[in-house]
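Before any comments, here is the structure.
Letters go in sequence order (proteins before strands), and every chain restarts at 1. Given the structure is predicted, the values throughout are model-derived calculations rather than measurements.
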Amino acid sequence: MKNNKMMIFLRGLILENPVLVLVLGTCPTLAQTTSVIGALGMGIAATLVLIGSNVVISALRRLIPDIVRIPCYIVIIATFVTVVQLLMHAYLPDLYEMMGVYLALIVVNCIILGRAEMFARKNGVLDSAVDGLGMGLGFLLALLCMATVREVLGAGTFAGLAVPFFKTYHIPILTKAPGGFLVFGILIAIMNKIKEKDGGVKRKSFSCEGCPSAAHCKKASCPEMIDMHTQLANDNTAKEETENDA
Amino acid sequence: MTLKSLILILMSGVLVNNYVLQRFLGICPFLGVSKKFQQASGMGIAVTFVMLCATAVTWPIQTYILGEKLAYLQTIVFILVIAALVQFVELVLKKFIPALHASLGVYLPLITTNCAVLGVTINNITDGYNFLESMVSSLGVGLGFLLAMVLFAGVRSKIDNSAPPKCLQGLPVTLIAAAIVSLSFYGFAGVVENLLK
């Protein structure tokens, strides 16, 4: 049993790392990794929200009707985000200012709704808490990875402390927007390379399972499906036209 | 408030503070639905439309209902209003303008959890814009999103014809291309301040 919990925890941390493997929550990953402190703040805030929402959603999983579950999840998640927002505003005002709008945007972070949908609504409270912790720390780990690369190479500092050599020769663009895309792309490429060597299966870059909208779009919104739908719609209008002509 | 300041807000949304390429909001649809030009433009138009509707609803709610006392409810209220609004817009389009629904409808469910929409409504409040400025800013941000989507769809069609190393295939090469597109938008910094001098 304990082994099982350990598996759930490790899965979130490494095997199914939400950022590097599932590719969820890209927005905060790119926006909040210009400095190690910001990444730490974002990671901890998201972990707290994730544990809280996972526990509550799992506890209420038999009470929430299936058909309105997404709005319910959103309310629960938004509540926890507000709690974290107020706590941070009160005790860590500097970090609160630094994170700005991205703190509120944890609400729409795909990782949190994705875990509610993929894990918490099918599993017990304790398992869900462990899953939340694992996924949250996995998110934190990936953010720290990105932030370390970007801050050391881009600004020559680590958590605000100067790093010798890099302080003199840094590449400022890495802390700016283009650097975010670039570092993230290269990190995922490295992950792919490692997996390739292990002979692991190649993951899909975007899957409906991880997409929070999947539940109410009934898998109708991904690119291929959009093609199909427009095709269908065109067929229907064409059919109506021929019927009208007749 | 003059026409000049409105144009400044609009242009800053489209170019300088481009939400996708400079502020990292709305990355999921930017990477997910930018494979084809038609889809990219459809998604961009749908997002612009929802942003305008969402701002038109959330600004009065914040100003006349929440105010200072209930400001802590902002996050919950905004996300619920946006989610309900998207559903409502979809129903209305389906009933009254089926042609538009056929072309935009499939994108609407994806937009509920698009952080750019929530981001722009919250930013409008934090920046202290009045109603007209908020609407113009939403329009600018929406058009900026559309521009980024369309440009990137063009770039991606080029990527499809190239053969990157195996470990770069798929997402990594897309992200690196996004970095280059973002770099080009970086050149717009400072343009808006000098636009109307």
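Classification of the B:F24-A:F181 ring pair by plane angle, with boundaries at 30° and 60°, yields perpendicular.
Residues A:T175 and A:R150 bring no donor and acceptor atom of their side chains to less than 3.5 Å of each other. A side-chain N or O of B:T75 and one of A:Q85 form a donor-acceptor pair less than 3.5 Å apart. Counted by atom type alone, B:S138 and B:T55 present one or more donor-acceptor pairs between their side chains at under 3.5 Å. A donor-acceptor pair shorter than 3.5 Å cannot be found between the side chains of A:Y102 and A:N109.
When each of A:I186, A:L182, A:L105 is checked for heavy-atom pairs under 4.5 Å with chain B, A:L105 comes out on top. Interface remark: of the candidates B:L25, B:I122, B:V181, B:L25 forms the most heavy-atom pairs closer than 4.5 Å to chain A. With respect to chain A, the highest number of heavy-atom pairs below 4.5 Å among B:L175, B:T174, B:L183 belongs to B:L175. Considering only heavy-atom pairs separated by less than 4.5 Å from chain A, the leading option among B:L73, B:L168, B:I176 is B:I176. Contact tally against chain B (heavy-atom pairs below 4.5 Å) for A:P178, A:P71, A:P28: the top residue is A:P178.
For a residue to count as touching a neighbouring chain, one of its non-hydrogen atoms must lie under 4.5 Å from one of that chain's; by this rule B:Y72 touches chain A with backbone and side chain alike. Residue A:L86 touches chain B through its side chain alone, counting heavy-atom pairs closer than 4.5 Å. For a residue to count as touching a neighbouring chain, one of its non-hydrogen atoms must lie under 4.5 Å from one of that chain's; by this rule B:V173 does not touch chain A. Using a 4.5 Å cut-off between heavy atoms, A:T79 contacts chain B through both its backbone and its side chain. For A:I190, no part sits under 4.5 Å from any heavy atom of chain B, backbone or side chain.
Salt-bridge check for B:E90 with B:K94: failed, with every basic side-chain N at 4.0 Å or more from each acidic carboxylate O.
For the residue pair A:F139 and A:G43, the shortest heavy atom distance occurs at CD2-CA, 4.2 Å.
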